[in-house]
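Quantities reported herein were computed from a predicted structural model and do not represent experimental measurements. Positions are given from 1 along the sequence.
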Amino acid sequence: MIRSVALAVLLFASPGAYAQYPERPIKLIVPWATGGSTDTLGRTLAQRLSQTLGQQVVVDNRPGAAAAIGTDAMAKAAPDGYTLGIIELPHAIAPSVVAKLPYDLQRDLQPIAMIGSSPLLLLVSATLPAKSISDFVATAKAQPGGIAIAHSGNGSVSHLAAELLQEKTGAKFTLASYKGSGPALIDLAGGHVQAHFVTLAGGNASLKSGKAAALAVAAPKRIGALADVSTFAEANVSEFIVEQWWGVVAPKGTPAAVIEKLRGEIIAAINHATLQDRMRELAVDPRPLGPEPFAVFIDSEMKRWGAVVKKAGIKAE
């Protein structure tokens with residue numbers, strides 16, 4: 001009831017009421033623990049926005065329940081521009097794989113700006129003889145279930161990437177579930193599983209150790225950091241695009257004047273050298289989309305991955 005009254009007041013307030021926005025610190029919720037690529041991006045963005053907005057933008061890590069705890073906090077915050085949050089690809093997948101989410105991504109959250117995206121790589125164990133996607137698929141078809149692809153749990157990005165690979169190639173793999181990419185990469189390095197889908201930021205240490213190799217990149221074109229690694233399309237695996245992405249949202253009902261102010265500041269930050277350098281280090285391609293195109297993008301991702309989940313027969317848990 002209190003939130004409803006506050007929302008009504010904000011909706012009918014004049015644009016001039018927010019001319020001095022922001023007048024106090026802003027909270028940026030990251031629904032994951034510290035140290036990952038999402039946290040790194042969030043902190044780099046917050047630092048830049050603190051300089052340009054003239055108020056501190058403070059990162060608030062709210063991990064737990066596969067990002068549901070932090071995202072629910074974003075959704076239930078006052079829609080006044082002082083609580084923002086970062087969402088990513090798993091948020092578009094969650095409605096299809098989580099039985100009871102405490103929030104509705106499209107109903108409760110307002111897109112402000114997309115930050116960027118990073119394609120997934122198919123990493124394989126250095127012990128695996130296959131040196132190309134064609135070899136990899138041929139081996140899997142000759143020995144159905146003989147190649148184990150590790151993933152980060154039911155409905156995770158790496159899980160759906162593996163399911164999509166089966167759909168696109170007709171090969172049958174053993175899909176091995178792990179509690180996160182870290183343990184999966186450890187077993188990949190040890191040769192206990194043969195493959196794992198991960199971003200370059202997540203798999204770079206494994207590549208540098210020589211215990212894993214990148215077989216292909218799930219992007220429309222090759223990436224500069226791994227120019228010698230082919231795309232799936234080059235190996236005749238068509239329409240195999242899997243990209244992690246990130247964007248900033250606010251609670252639904254946040255005043256349009258505030259959304260517009262933040263859109264401009266966030267996109268300017270994305271285009272600034274500081275953020276560009278950090279994104280390059282993380283192999284993230286800048287994709288500065290405003291509220292409307294970002295909302296369309298989110299909707300398309302929800303539909304796309306919902307179809308993959310349905311076709312794979314994955315049950316919501």
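Residues Asp60 and Arg62 are paired through a salt bridge, judged by an N-O separation under 4.0 Å between the basic side chain and the carboxylate. Look at Asp104 and Lys252 and you find no salt bridge, because none of the NZ, NE, NH1 or NH2 atoms lies under 4.0 Å from a carboxylate O.
Taking the six-membered ring where tryptophan is involved, the planes of His159 and His151 are essentially parallel, since the angle between them stays under 30° and well short of 60°.
When the ring pair (Phe, Tyr, Trp, His ring centres under 6.0 Å) test is applied to Tyr82, the partners found at least two apart in sequence or on another chain are Tyr21. Under the rule for a salt bridge (Lys or Arg N to Asp or Glu O under 4.0 Å), Glu317 has no partner lying at least two apart in sequence or in another chain.
Clustering ILVMFWY residues whenever any of their side-chain heavy atoms sit less than 4.5 angstrom apart, transitively, puts Leu128 in a cluster other than the one holding Ile186. Leu289 and Ile267 fall into different hydrophobic clusters, defined by Ile, Leu, Val, Met, Phe, Trp and Tyr side-chain heavy atoms under 4.5 Å apart, directly or through other members. A single hydrophobic cluster is not seen to contain both Ile241 and Leu165; linkage of ILVMFWY side chains at heavy-atom distances under 4.5 Å, directly or through other members, places them apart.
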> What's the verdict on side chain to side chain donor-acceptor pair (under 3.5 Å) for Trp305 and Ser96, showing C-alpha distance, side-chain angles and the deciding distance?
Replying inline: CA-CA 8 Å; Trp305 292 108; Ser96 298; over 6 Å; no
> Checking side chain to side chain contact (heavy atoms under 4.5 Å, CB included) for the pair Arg222/Ser230: CA distance, chi angles, key distance, verdict?
Replying inline: CA-CA 6 Å; Arg222 296 191 184 198; Ser230 70; 3.8 Å; yes
>> Between Trp245 and Ile298, does the side chain to side chain contact (heavy atoms under 4.5 Å, CB included) criterion hold? Intermediate values first, please.
In response: CA-CA 10 Å; Trp245 52 262; Ile298 292 169; 4.1 Å; yes
> Step by step, would you call Thr71 with Leu109 a side chain to side chain contact (heavy atoms under 4.5 Å, CB included)?
Replying inline: CA-CA 9 Å; Thr71 310; Leu109 293 166; 3.8 Å; yes
>> As a quick check of understanding, evaluate side chain to side chain contact (heavy atoms under 4.5 Å, CB included) for Arg304 and Leu164, giving each step before the final call.
In response: CA-CA 11 Å; Arg304 181 195 181 200; Leu164 187 61; 3.7 Å; yes
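The minimum heavy-atom distance between His91 and Leu105, with the atom names listed, is O-CD2, 3.6 Å. Taking every heavy atom of both residues into account, Ala283 and Ser118 meet most closely at O-OG, 2.8 Å. Between Leu84 and Ile112, the closest heavy-atom pair is CD2-CD1, 3.9 Å. Taking every heavy atom of both residues into account, Ser37 and Leu282 meet most closely at O-CD1, 4.4 Å. Of all non-hydrogen atoms in Ser177 and Gly153, the two that sit nearest each other are OG-CA, 3.4 Å.
Counting heavy-atom neighbours within 6.0 Å of Lys168 NZ, excluding the residue itself, gives a total above 12. Within 6.0 Å of CD in Glu301 there are more than 12 heavy atoms belonging to other residues, nucleotides or ligands.
Val198 belongs to a hydrophobic cluster whose other members, connected by ILVMFWY side-chain contacts under 4.5 Å either directly or through intermediates, are Leu121, Leu123, Tyr178, Leu185, Leu188, Val193, Leu200, Leu207, Val217, Ile223, Leu226, Val229.
Between the side chain of Glu243 and the backbone N or O of Ala219, no donor-acceptor pair lies under 3.5 Å. Looking at Thr231, its side chain never comes within 3.5 Å of a backbone N or O of Lys221 through a donor-acceptor pair. Side chain of Gln244 to backbone of Glu88: no donor-acceptor contact under 3.5 angstrom is found.
Side-chain contact check for Thr127 and Ser125: at least one donor-acceptor pair (N or O, by modelled atom type) lies under 3.5 Å. Residues His196 and Ser158 bring no donor and acceptor atom of their side chains to less than 3.5 Å of each other.
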